[in-house]
Amino acid sequence: MDSSMFKEWVLNQFIPNVICSPNLSKSSKIVVIMDNASYHSVKLDKPPTKSSNKTVMQEYLTKCNIAFDPKFTKKDLWDLIQPTISPDTPIKYEIDYILKQHGIDVLRLPPYHCQYNAIELAWAHCKRYYNQNIHEYTEDKNRVTHLWLEALNNFDSQMWKNSIRHCEELILADWHKEMGNFPLDNIPPVIISLADSDTDETDDDERVTDDDVAEIEGDGDAMSVEFPQATTSLQGTTSNLLLFLIAVIILTFIVL
């Protein structure tokens with residue numbers, strides 16, 4: 001997967017299918033929970049670095065309406081660029097902007113906390129289903145496609161609810177581990193500046209255990225840990241989502 005492939009999928013498959021979903025009303029709130037893999041995180045108006053070539057530097061200065069002499073060296077150009085770069089400038093992501101244009105918000109997980117994303121449990125279940133049943137499709141030339149479709153259809157709405165509940169329990173357990181009984185309400189905002197990285201965040205299910213998958217495949221009757229103000233749906237209210245985001249960001253700030 002790369003950023004161009006991901007962008008194409010979002011534009012041509014994800015957005016049309018989500019917007020046209022019969023389960024959504026006009027008042028529905030759509031939120032995408034996303035990790036920080038590099039192909040999810042292409043930045044808009046990303047400034048050049050000191051090692052960028054002259055053409056990139058010149059294009060950036062032109063876009064910023066900053067005059068420069070075409071004969072300037074890279075050092076001269078960099079001296080003009082540096083004052084435009086501030087650590088307090090909010091990061092704008094291309095995919096977030098695209099989704100926002102269609103009324104879809106993005107909630108980004110803290111780096112390296114993919115266990116808070118319910119989709120990892122869905123992915124783990126489907127992979128396990130595939131591995132357990134692939135031998136039954138030995139005579140089918142399209143066995144891989146057919147079995148993956150079967151695995152996806154096997155993950156039902158109850159499993160999704162169980163996955164949401166399981167992730168909420170993990171978040172709450174980590175919160176109490178780090179913060180004790182500190183309340184989740186009235187938390188002041190925390191701003192964390194993360195350095196750029198060319199390394200993809202590990203977003204596979206390596207932190208999802210067999211016990212985790214077994215839990216979501218159950219009948220959903222297990223006792224659910226109460227998670228004050230947390231959303232149990234991707235269509236939660238804005239205030240609930242903000243509270244969730246503040247909680248996990250503060251947790252990451254403390255751990256790091």
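The structure presented is a predicted model; accordingly, all values stated were derived computationally and were not measured. All residue numbers refer to positions in the sequence shown, counting from 1.
Between the H113 side chain and the P111 main chain, a donor and an acceptor come within less than 3.5 Å of each other. No side-chain donor-acceptor contact under 3.5 Å links N117 to the backbone of M34.
One finds the CD1 atom of I119 at 4.5 Å from the CH2 atom of W160 (value rounded to the nearest 0.5 Å). In this structure, the separation between CE on M57 and OG on S51 is 7.5 Å, given to the nearest 0.5 Å. Going from atom CG of D96 over to atom CD1 of I104 covers 11.5 Å, rounded to the nearest 0.5 Å. Considering CD of E169 and CG of D174, their distance stands at 12.0 Å, rounded to 0.5 Å. In this structure, D2 CG and K7 NZ are separated by 12.0 Å, a value rounded to the nearest 0.5 Å. The line from NE2 of H166 to CD1 of I171 is 10.5 Å long, rounded to the nearest 0.5 Å.
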Determine whether L99 and I15 satisfy the following criterion, side-chain contact (heavy atoms from CB on, under 4.5 Å), listing intermediate values before the conclusion.
CA-CA 8 Å; L99 291 170; I15 291 175; 3.9 Å; yes

side-chain contact (heavy atoms from CB on, under 4.5 Å) between H102 and V18: does it pass, once the steps are laid out?
CA-CA 10 Å; H102 293 83; V18 167; over 6 Å; no

Output, in order, the C-alpha distance, side-chain angles, deciding distance and verdict of side-chain contact (heavy atoms from CB on, under 4.5 Å) for E168 and I164.
CA-CA 6 Å; E168 289 177 347; I164 294 289; 3.7 Å; yes

Evaluate the side-chain contact (heavy atoms from CB on, under 4.5 Å) criterion for residues L121 and C167: first the C-alpha distance (whole Å), next the side-chain angles of each, then the deciding distance (0.1 Å), finally the verdict.
CA-CA 9 Å; L121 291 165; C167 289; 4.1 Å; yes

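No side-chain N or O of N154 forms a donor-acceptor pair with one of E150 less than 3.5 Å apart. In this model, no donor atom of one side chain and acceptor atom of the other lie less than 3.5 Å apart for N131 and R128. Residues Y60 and T84 have side chains that bring a donor and an acceptor to within less than 3.5 angstrom of each other.
Of all non-hydrogen atoms in H135 and Q132, the two that sit nearest each other are CE1-O, 2.9 Å. Scanning both residues, S3 and Y39, for their nearest heavy atoms gives N-CB, 3.5 Å. In plain terms, the two heavy atoms of F155 and C126 that are nearest each other are CB-SG, 4.4 Å. Closest of all the heavy-atom pairs between C114 and L109 is CA-CD1, 4.4 Å.
The residues K63 and E59 are annotated as not salt-bridged, no charged nitrogen and carboxylate oxygen being separated by less than 4.0 angstrom. Between D35 and R108, none of the side-chain N atoms (NZ, or NE/NH1/NH2) sits under 4.0 Å from a carboxylate O, so this pair counts as no salt bridge.
The aromatic rings of W148 and Y130 sit parallel, their planes meeting at an angle under 30°, below the 60° perpendicular limit.
In the hydrophobic clustering of ILVMFWY residues, with side-chain heavy atoms under 4.5 Å counting as a link, L152 and M1 come out apart. Under a hydrophobic clustering in which Ile, Leu, Val, Met, Phe, Trp and Tyr are joined whenever their side-chain heavy atoms come within less than 4.5 Å, directly or via other members, I95 and M5 fall into the same cluster. The hydrophobic cluster containing F14 also contains L11, counting ILVMFWY residues as joined when their side-chain heavy atoms lie under 4.5 angstrom apart, directly or transitively. In this structure, V106 is not a member of the same hydrophobic cluster as L44, with clusters built from ILVMFWY side-chain heavy atoms closer than 4.5 Å. Note: the hydrophobic cluster containing Y97 does not contain L107 (ILVMFWY, side chain heavy atoms under 4.5 Å, direct or indirect links).
Counting non-hydrogen atoms of neighbouring residues, nucleotides and ligands closer than 6.0 angstrom, the NZ atom of K161 reaches no more than 12 such neighbours.
Residues F72 and L80 meet the side-chain proximity criterion, which asks for heavy atoms closer than 4.5 Å. Within the 4.5 Å cutoff, the side chain of D76 has no heavy atoms near those of the F68 side chain. I81 places a side-chain heavy atom less than 4.5 Å from the side chain of L61.
Among the candidates K50, Q82, Q58, the single residue satisfying the side-chain contact (heavy atoms from CB on, under 4.5 Å) test with L77 is Q58.
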